[in-house]
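One structure below.
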Amino acid sequence: MPATAEAPLYQTIYDVLRRHLEAGRLPAGLVLGEVNVARAFKASRMPAAAALKRLNDEGWISTFSGRGFIVRGGEAAPVPLRIELAAAGLVLPAALEAEPTPRNLAQRIYPEVEHTVAASLAYGRFQLVESALADHYQVSRTIAHEVLTRLARTGVIVQEANQRWYAGPLTASSIAEHFEMRWILEPVALRQAYPTLSEQQLLARRGRVVRAAEGRRGISEIEEIEKELHVDTVGRCSNSQLLHSLQRSQLLLIATHSTFERHQSVEEITTMLAEHRAIYDLLLSGDVEGAGQGLEAHLRRSLRPNLEIIGRLGPMPAGAEVPYLQPAAGR
């Protein structure tokens with residue numbers, strides 16, 4: 001996936017580092033940690049940590065006795081090399097090298113904030129503090145306000161009468177409602193999208209599912225697989241009103257994969273991957289009606305395990321807390 005202003009920042013960091021690792025442009029033993037990666041990409045530590053976790057899950061980098069990860073060096077364990085990534089050969093895309101403007105600063109942090117907020121809602125109701133958001137990303141209050149306003153347009157948060165921003169909670173009943181919206185609308189959207197989907201696109205997405213079924217699959221990989229079917233593939237439909245109705249339900253439920261990571265069973269992930277593969281197989285064979293029926297069945301079946309997980313979900317782990325989200329009492 002090419003790096004773009006609208007791509008989640010962790011995805012951009014992952015893409016750039018993976019390309020360098022594939023090409024052998026980073027020396028064996030180079031230490032990659034949250035701090036030096038965040039500094040190199042002018043980002044916060046959260047997207048850096050997510051990108052490094054995915055690279056480790058996929059075997060591109062390894063843990064070692066120190067903090068962070070190191071670039072693998074064949075059979076022997078390489079000597080840790082602690083230098084700045086630019087000095088080690090990291091070359092950033094021009095869009096990241098350019099001096100950020102207020103507009104692209106907002107675009108750069110928005111996907112991470114959106115995902116963080118959506119993934120937190122199963123833990124309760126939260127107030128979003130504009131000043132804390134600005135401090136966390138070291139941006140102006142104007143940029144933080146723009147990000148919150150955009151979140152409100154998606155329906156993820158609301159500004160109440162006291163002029164404060166709130167989000168959540170995502171309850172068992174609201175999860176059921178979002179799933180129902182999806183199994184009604186997504187098959188319709190898939191049938192409309194089908195004429196615009198190329199065989200090459202479908203084969204590539206099916207290939208990712210097959211690779212995940214055969215090997216290691218981190219939570220970032222699972223989220224990407226979910227996004228490729230339910231957002232990228234279904235989202236090619238021509239009915240913009242239908243897509244708008246779907247977007248909020250898709251965002252909230254796909255984001256819960258990171259929330260539910262510790263609770264998802266291997267069996268559930270295996271079943272999900274098999275269902276995705278079957279849908280792609282039907283699309284590739286030209287059976288769009290069968291694919292739509294398979295998509296509906298997949299979403300209906302997925303409701304129960306998600307309800308079971310939220311029923312036993314504990315408090316938010318300390319590592320998932322962010323300063324701009326404060327627990328709030330109420331509805």
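Just so you know, residue 1 is the first one in the sequence shown, and it goes up from there.
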State plainly whether the residues [X] and [Y] are in salt-bridge range, i.e. N to O under 4.0 Å.
| X | Y | answer |
| --- | --- | --- |
| E180 | R300 | no |
| R208 | E214 | no |
| E268 | R301 | yes |
| E34 | R67 | no |

Residue [X] excluded, over 12 heavy atoms near [atom1] under 6.0 Å:
| X | atom1 | result |
| --- | --- | --- |
| Q138 | CD | no |
| E22 | CD | yes |
| R164 | CZ | no |

Ignoring hydrogens and angles, tell me if any N or O in the side chain of [X] forms a donor-acceptor pair with the backbone of [Y] under 3.5 Å.
| X | Y | value |
| --- | --- | --- |
| T196 | A193 | yes |
| S249 | S245 | no |
| Q159 | Q163 | yes |
| S302 | H298 | yes |
| N36 | V31 | yes |

Decide whether R54 and Q11 meet the rule of one side-chain donor and one side-chain acceptor closer than 3.5 Å. yes

Going by the angle between their ring planes, with limits at 30° and 60°, are H276 and H230 parallel, tilted or perpendicular? perpendicular

Heavy-atom side-chain proximity of [X] to [Y] below 4.5 angstrom:
| X | Y | result |
| --- | --- | --- |
| L30 | R82 | no |
| H115 | E112 | no |
| Q127 | W165 | no |
| V147 | E114 | no |
| F126 | P327 | yes |
| Y137 | I143 | no |
| H178 | R182 | no |
| V113 | T116 | no |

Could you report the tightest heavy-atom contact between G235 and L243, atom names first, then the distance? O-CD1, 3.4 Å

If you compare all heavy atoms of C237 against all heavy atoms of L242, which two are closest, and at what distance to 0.1 Å? SG-CD2, 4.4 Å

How far does [atom1] of [X] sit from [atom2] of [Y], to the nearest 0.5 angstrom?
| X | Y | atom1 | atom2 | value |
| --- | --- | --- | --- | --- |
| E226 | L273 | CD | CG | 8.5 Å |
| E177 | L303 | CD | CG | 11.0 Å |
| T149 | E130 | OG1 | CD | 7.5 Å |
| L202 | E228 | CG | CD | 10.5 Å |

Test log, rule side-chain contact (heavy atoms from CB on, under 4.5 Å), inputs E58 and R18: CA-CA 10 Å; E58 295 176 359; R18 176 165 175 170; 3.1 Å; yes

May I ask you to establish whether R150 and Y110 are in a cation-pi arrangement, using a distance under 6.0 Å from NZ or CZ to the six-membered ring centre and at most 45° from the ring axis? yes

Give the intermediate values and the outcome of side-chain hydrogen bond (donor to acceptor under 3.5 Å, both in side chains) for residues T154 and R248. CA-CA 6 Å; T154 69; R248 181 168 180 250; over 6 Å; no

Y280-V210 co-clustered via ILVMFWY side chain contacts under 4.5 Å: no

